[in-house]
Protein chains: 2
Amino acid sequence: MAVLRRHGIRMTHQRMEVYREVTGTGEHPDAETVYRRVKRRVPAISLDTVYRTLNLFERQGLIGRVGATGDRTRFDANVKRHHHFVCMRCGRVTDFYSEALDAFSPPREVREMGHPQSLYVEVRGICKACTGTEGDGKAG
Amino acid sequence: MAVLRRHGIRMTHQRMEVYREVTGTGEHPDAETVYRRVKRRVPAISLDTVYRTLNLFERQGLIGRVGATGDRTRFDANVKRHHHFVCMRCGRVTDFYSEALDAFSPPREVREMGHPQSLYVEVRGICKACTGTEGDGKAG
DNA sequence: CTACATGCAAATCGTTTGCACTCCA
DNA sequence: TGGAGTGCAAACGATTTGCATGTAG
């Protein structure tokens with residue numbers, strides 16, 4: 001929690017719980033999921049507060065955001081440099097690390113387009129749990 | 001246009017124009033933009049037809065889809081293996097090629113998560129046109 | 001105390017869908 | 001001709017916002 005205070009973020013019950021929820025798991029929950037879970041501990045919390053809080057944390061660089069899939073945004077508590085494996089069936093997102101990708105330097109071609117700042121990588125495929133599955137799965 | 005027929009896609013005036021519009025430029029227009037431009041030649045076309053058509057083309061693998069930024073989806077006429085430089089200020093998307101990325105093979109770590117199928121990469125930064133710009137830009 | 005955070009409800013915005021009509025094959 | 005394609009308008013779902021009230025500091 002000290003992290004929040006250090007970022008000059010005013011401390012509230014709902015913020016603490018949202019923070020705890022997102023950082024307390026390796027999952028990459030969407031706002032709705034965070035909401036549902038935090039609600040168990042803070043029944044009065046509202047979905048828009050969760051959104052506002054998540055956006056605040058992101059602006060402060062406390063969490064990241066995943067999602068090239070287009071649909072709902074997923075949030076990411078891992079602020080270390082890493083990449084994602086995304087299951088195209090159930091949407092599950094898993095972190096992974098790669099020296100090869102970390103070492104990647106944009107080609108001259110890119111440097112001529114502008115000023116590169118970060119690299120976003122998604123390895124897409126089908127996760128173990130979904131392999132052999134026919135229907136969707138909609139798992140989290 | 002033969003491509004469309006080859007994919008068993010029933011040919012219509014609006015489909016031909018949408019296809020021409022998307023593939024006729026190196027840009028990565030969003031549905032709204034395609035709509036606005038095609039409308040000049042086919043005044044009666046509707047936005048939802050553009051969406052339906054774009055989705056159809058994508059399902060057929062005729063075009064791709066870009067956008068980890070979250071907001072509106074951009075479509076991509078380049079079906080060759082390539083990657084994107086995305087301007088965080090104006091949203092402009094530019095293709096680039098990279099042997100290094102093409103050679104990338106997911107680490108064991110990833111292969112244990114599931115079955116990788118494709119790689120999505122975005123180099124994010126500020127494009128030349130936006131460098132030195134303070135306000136947004138909202139360019140396309 | 002006072003500015004900022006919250007809950008509620010309504011508003012946005014991109015995208016999709018139901019339906020009746022038109023048109024390609 | 002018949003089923004697929006289109007336009008229109010309404011539906012949708014995720015996310016945001018205005019406002020009055022509550023609360024951290």
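Each chain gets a letter, A, B and so on, in the order the sequences are listed, and its residues count up from 1.
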Starting at atom [atom1] of [X], determine the distance to atom [atom2] of [N], rounded to an integer number of angstrom.
{"X": "Asn55(A)", "N": "dA14(D)", "atom1": "CG", "atom2": "P", "value": "16 Å"}
{"X": "Leu56(A)", "N": "dT15(D)", "atom1": "CG", "atom2": "C1'", "value": "16 Å"}
{"X": "Arg36(A)", "N": "dA14(D)", "atom1": "CZ", "atom2": "C1'", "value": "14 Å"}
{"X": "Arg74(B)", "N": "dG14(C)", "atom1": "CZ", "atom2": "C1'", "value": "14 Å"}
{"X": "Leu4(A)", "N": "dA5(C)", "atom1": "CG", "atom2": "C1'", "value": "14 Å"}
{"X": "Glu17(B)", "N": "dG5(D)", "atom1": "CD", "atom2": "P", "value": "18 Å"}
{"X": "Arg72(B)", "N": "dT12(C)", "atom1": "CZ", "atom2": "P", "value": "16 Å"}
{"X": "Arg5(A)", "N": "dG25(D)", "atom1": "CZ", "atom2": "P", "value": "6 Å"}

Does [X] make a side-chain N or O approach to OP1 or OP2 of [N] shorter than 4.0 Å?
{"X": "Arg10(A)", "N": "dT6(C)", "value": "no"}
{"X": "Gln14(B)", "N": "dC23(C)", "value": "no"}
{"X": "Ser46(B)", "N": "dT6(D)", "value": "no"}
{"X": "Thr73(A)", "N": "dT15(D)", "value": "yes"}

Return the nearest nucleotide to the side chain of [X]; candidates are [options].
{"X": "Thr12(B)", "options": "dT6(D), dT6(C), dT16(D)", "value": "dT6(D)"}
{"X": "Asp48(A)", "options": "dC8(C), dT6(C), dA14(D)", "value": "dC8(C)"}
{"X": "Ala31(B)", "options": "dG5(D), dA14(D), dT15(C)", "value": "dT15(C)"}
{"X": "Tyr51(A)", "options": "dA14(D), dG7(D), dA5(C)", "value": "dA14(D)"}
{"X": "Arg52(A)", "options": "dT17(C), dT6(D), dT6(C)", "value": "dT6(C)"}
{"X": "Met11(A)", "options": "dG25(D), dG2(D), dT6(D)", "value": "dG25(D)"}

| message | Rounded to the nearest 0.5 Å, what separates atom NE2 in His7(B) from atom CG in Leu56(B)? | response | 10.0 Å
| task | Examine distances only and state if a side-chain atom of Arg15(B) and a backbone atom of Arg10(B) form a donor-acceptor pair shorter than 3.5 Å. | result | yes
| What's the shortest heavy-atom distance between Leu101(B) and Leu119(B), and which atoms? | O-CD2, 3.8 Å
| remark: Closest non-hydrogen atoms of Tyr97(B) and Lys80(B), given as atom of the first, atom of the second and distance, are OH-CE, 3.8 Å
| Which residue, His13(A) or Leu47(B), contacts DNA chain C at a nucleotide closer to its 5' end, judged by nearest heavy atom? | His13(A)
| said: For Ile9(B) and Asp30(B), find the nucleotide of DNA chain C closest to each by heavy atoms; which residue's nucleotide sits nearer the 5' end? | reply: Asp30(B)
| request: Give the ring-plane orientation class for His28(A) versus His82(A), where under 30° counts as parallel, over 60° as perpendicular and anything between as tilted. | output: tilted
